[in-house]
> 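Could you have a look at this structure, given as C-alpha cells, before my questions?
Numbers restart at 1 for each chain; the letters A, B, ... are given by sequence-line order, proteins then strands.
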There are 2 protein chains.
Amino acid sequence: MTAVIPFGELKRACGNCSLRELCLPYGIGESDLRRLEQLVQRHAPVARGKQLFLQGDPLRSIFAIRTGSVKSVTVGEDGAEQITGFHFPGELVGFDAIAADVHDCSVVALEDTSVCEIPFDRLDELSGCVPGLRRQLMRLLSREIQQDQQMLLLLGKKGSEARMAAFLLSLSSRFVGRGLSASRFHLSMSRGEIANYLGLAMETISRLLARFQQDGLITVDGREVALLDLPRLHVVADMGSDGGGFTRRREG
Amino acid sequence: MTAVIPFGELKRACGNCSLRELCLPYGIGESDLRRLEQLVQRHAPVARGKQLFLQGDPLRSIFAIRTGSVKSVTVGEDGAEQITGFHFPGELVGFDAIAADVHDCSVVALEDTSVCEIPFDRLDELSGCVPGLRRQLMRLLSREIQQDQQMLLLLGKKGSEARMAAFLLSLSSRFVGRGLSASRFHLSMSRGEIANYLGLAMETISRLLARFQQDGLITVDGREVALLDLPRLHVVADMGSDGGGFTRRREG
DNA sequence: CGCAAATTTGAGAGCATTCAACTCCTGTGG
DNA sequence: CCACAGGAGTTGAATGCTCTCAAATTTGCG
C-alpha cells in the first residue's frame, strides 16, 4: 500500500473536515476530537482500481472516505463476485472485519480516492473513554446493518425497474447529504458494477436506463445522470417485481 | 408485552447459561459477568406469533433468544414484507435500531420462545467500563453485517437450488454450535416464510425440497428434515444460478 | 488514428413465477 | 364419531421477466 503521511501535518483535520457530520467525530467534544485526530492517518490518494484492503486481510484499520468513491466486493467459494456496497465521502468501510478480525470483503477504489486510516485497536481503546465516540461507532455499524437489510428487501422482493429506481434515489439522497445536487450527478461505477450490485445483467441495466429516459424519468449521457421526475421514480422504486404497479405475491 | 420477572430470582443465569459462549457474556470476567446479569431481565415466554417489538418502536432493549426461534421482518413502503433473518438460541436481535433509535424491523416468535431482555442504555453504559463486553458487542454487530452480506451474495448471484442448499446448511451449522444434530432438525418456519426469506415463491420451495429428496440429498417429512449428503449439498450451495454447475455470468 | 474496453441493441431461451386444482393435517362443532 | 372449514403444502401447466448469446456502436486513451 502507499506510504502513510503523519497526520500531524494537517491542522486539526477532523475538526475542519467538511464531512465530520457524517463521519466518526460526529457528536463528540473539542478535546476528544483532538484525541481522535491523533489516531487518524492520511494516505496518498488511492488510484482507481487499487484496493484499500483485500478479503482475507487481517483487520488493522477502518477507513473513512474523504474524496472519491469505492466499492466493496465479496467473492464466494465458487468464485462469484458480489458487490455489497458503494461508498462515498464521509462513509466508513471495514466494519465487516470486526467479527473475525479478518476482512471478508475487498474494498477497491472506483476513481482516485483519498481516505483516512484509523487503526482499529486504538479506536477501540479510545471509544472506551469517549461515550459519544462509542455511540457513533455503534450507530455507524447499525446503519450498515439497516442498509444491508434494505438491500435484502430490494433483491428479495423487487423487480429490475424498482431496483434501478431505488439505486438512483439512494445515490441522490446520499449526494444531497454532502451538499451536491440531488438530481444531477456522475456515476463513478460501470454498468457492469451496477448490474452486479443489483443482481441483474449488465444488458438489463443498459435497457433500464434507456427505458427510464424514454419515459422521461431521467436523462442519461454516458455516466452523467439527471433525475427528472423524483416523485415518479419513488413510485417505481416502491413497485413490486411485476413492474406493472401491482405487488407480486411471493408468500402465502 | 408480558410481565418482567426480576432477574435476581435466577441464580447467576448468564454464568450458568448454556448459551453464554454464543451470547453477550462471551469472554468477560466473573465480576463483570455479574454486573451484566443485573441488567438482564427475563420475560415470560413469548407465544408463537407474538412479537418482541414492532418496526417503528423506539429502541429500548436488545433481546437474546434463550429457547425457541424468531423471525425479523421488514416491510417496505409499498407493503411488501421481507424476512431479513431467522434467529435461534444464543443469538441477539434488535441491533438494527441503534442507528436511529427506532427498530426498522419487527421480530416475531415462530414458536413459543423465551428471551432475555437487555435495556440498551444500561448495556451501552456498562460496555464503556468493560472492554471485553464492548468488543463482544461490536463483534456481534459486525457478524450481523457479515451475515447480511453473505445473504446479499446469495440473493444477487445464486439460483434457487443454491439458495435452498445454503439455507439448509446455514441452519445445520447453527444447530451444531448449540450441540444439536447437524443432519437432522425441525423447521420452525413455514414454507412461505422460507420462500420469503430466500426471495422465491412458496411453490418453488416445495418443488426444491421434493427434488432434493429425489436426488438423495435430503429427507423431508413435513417440517422434519434430514441432510443425507452434506458434501453434495455444499456443492449445490456453491453453484451459480444456472443450476448446471457453471457460474452464470452477470458482469462484464 | 486505431485498438480495446465499455455500452447498446436485438433475438431467442430458460428458470422461476403465477394461476389453479388438489391433498393433507388439524381443530371445531354437531 | 364424523363432517367440515381452513391453513399448509404439493403438483401441474402456461406465462413472462430477465438472462444469454451475438453483433453493432461508442467511448476512452495511447
Side-chain angles (χ1 to χ4, degrees), chain A residues 47-49 80 110-112 154-164 186-214 218-225 236 239-252, chain B residues 48-49 80 110-111 154-165 167 186-214 218-225 236 239-252:
Chain A
R48 174 182 145 80
L110 293 170
E111 56 195 313
D112 289 359
L154 203 66
L155 295 185
K157 291 274 162 306
K158 304 301 186 75
S160 60
E161 295 189 350
R163 293 186 200 185
M164 189 74 230
H186 176 84
L187 300 173
S188 55
M189 69 293 290
S190 71
R191 303 285 193 271
E193 287 165 331
I194 298 173
N196 182 300
Y197 179 62
L198 295 178
L200 300 169
M202 192 207 329
E203 294 91 331
T204 302
I205 301 301
S206 199
R207 281 186 252 269
L208 284 169
L209 288 175
R211 194 186 320 163
F212 279 12
Q213 184 162 40
Q214 276 188 349
I218 66 172
T219 281
V220 202
D221 177 31
R223 293 191 174 186
E224 300 302 322
V225 178
V236 175
M239 276 192 327
S241 54
D242 59 72
F246 302 99
T247 302
R248 187 188 216 159
R249 288 185 333 152
R250 292 220 190 193
E251 187 187 5
Chain B
R48 173 183 146 81
L110 294 171
E111 55 194 316
L154 203 65
L155 294 185
K157 291 275 161 306
K158 303 301 186 75
S160 61
E161 295 189 349
R163 292 186 201 185
M164 190 73 230
F167 174 67
H186 176 85
L187 299 173
S188 55
M189 68 293 290
S190 72
R191 302 287 195 271
E193 286 165 331
I194 298 174
N196 182 300
Y197 179 61
L198 295 178
L200 299 169
M202 194 210 324
E203 296 92 329
T204 303
I205 302 299
S206 203
R207 281 185 253 269
L208 284 169
L209 289 175
R211 195 187 320 163
F212 280 11
Q213 184 162 40
Q214 278 188 349
I218 65 172
T219 282
V220 202
D221 177 32
R223 293 190 174 187
E224 300 303 322
V225 177
V236 175
M239 277 191 326
S241 55
D242 58 76
F246 302 99
T247 302
R248 188 188 215 159
R249 287 184 335 154
R250 293 219 187 194
E251 186 187 7

> Provide the closest heavy-atom pair for A/M164 versus A/F212 in the form atom of the first, atom of the second, distance.
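A/M164 and A/F212 have their closest heavy atoms at CG-CE2, 3.7 Å.
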> Measuring to OP1 and OP2 of D/dT18, would you say a side-chain N or O of A/S160 lies under 4.0 angstrom away?
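Affirmative; the distance criterion is met.
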> Whole Å only: how far is the CE atom of A/M164 from the C1' atom of D/dT18?
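About 15 Å, once rounded to whole Å.
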> Looking at residues at least two apart in the chain, or sitting in another chain, which of them share a ring-ring contact (aromatic ring centres under 6.0 Å, His included) with A/Y197?
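Per chain and number, A/Y197 pairs via ring-ring contact (aromatic ring centres under 6.0 Å, His included) with A/F86, A/F167.
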> Side chains of B/K157 and A/N196: does their closest heavy-atom pair fall under 4.5 Å?
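Answer yes - side chains close enough.
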> What is the distance, rounded to the nearest whole Å, between atom CE of A/M202 and atom P of D/dA22?
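Nearest whole value for this atom pair: 15 Å.
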> Report the distance from atom CD1 of A/I205 to atom P of C/dT9, rounded to the nearest whole Å.
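Rounded to the whole Å, the gap is 14 Å.
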> For B/L187 and D/dA8, what is the distance between atoms CG and P respectively, to the nearest whole Å?
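Between P of D/dA8 and CG of B/L187: 15 Å.
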> To the nearest Å, give me how far apart CG (B/L208) and P (D/dT11) are.
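In whole Å, D/dT11 P and B/L208 CG are 12 Å from each other.
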> For A/M189 versus A/I194, what's the shortest heavy-atom pair and its separation?
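Looking at all heavy atoms of both residues, the closest pair is CG-CG1, 3.5 Å.
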> Ignoring the backbone of A/E203, work out which of D/dC19, C/dA16, D/dC21 is nearest its side chain.
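Looking only at side-chain atoms, A/E203 lies closest to D/dC21.
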> Find the distance B/R223:CZ to C/dC24:P and express it as a whole number of Å.
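Computing the B/R223:CZ to C/dC24:P distance gives 18 Å.
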> Rounded to the nearest Å, what distance is computed from the CE atom of residue A/M239 to the P atom of nucleotide D/dC17?
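For the pair A/M239 CE and D/dC17 P, the rounded distance is 11 Å.
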> Quick check on C/dT8: is either OP1 or OP2 less than 4.0 Å from any side-chain nitrogen or oxygen of A/R207?
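It does not, given that no N or O in the side chain of A/R207 lies less than 4.0 Å from OP1 or OP2 of C/dT8.
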> Can you tell me how far OG1 of A/T219 sits from CG of A/L209, rounded to the nearest 0.5 angstrom?
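Interatomic distance, A/L209 CG to A/T219 OG1, rounded to 0.5 Å: 11.5 Å.
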> Check every atom of D/dT10, C/dT8, C/dT17 against the side chain of B/L200 and return the nucleotide holding the closest atom.
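The answer is C/dT17, which lies nearest to the side chain.
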> Pick base, sugar-phosphate or nothing for B/R211, based on heavy-atom distances below 4.0 Å to the nucleic acid.
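Counting heavy atoms under 4.0 Å across all strands, no contact is made by B/R211.
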> Working to the nearest 0.5 Å, report the span between NE2 of B/H186 and CD of B/E111.
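Reported value, rounded in 0.5 Å steps: 6.5 Å.
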> How about CZ on B/R48, more than 12 heavy atoms from neighbouring residues, nucleotides or ligands closer than 6.0 Å, or not?
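Count not over threshold, so no.
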> Can you check the A/K157 NZ to C/dA16 C1' distance for me, whole Å?
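From A/K157 NZ to C/dA16 C1': 13 Å.
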> Can you check nucleotides 23-30 of chain D for protein contacts, nitrogen or oxygen pairs under 3.5 Å, and list what you find?
none

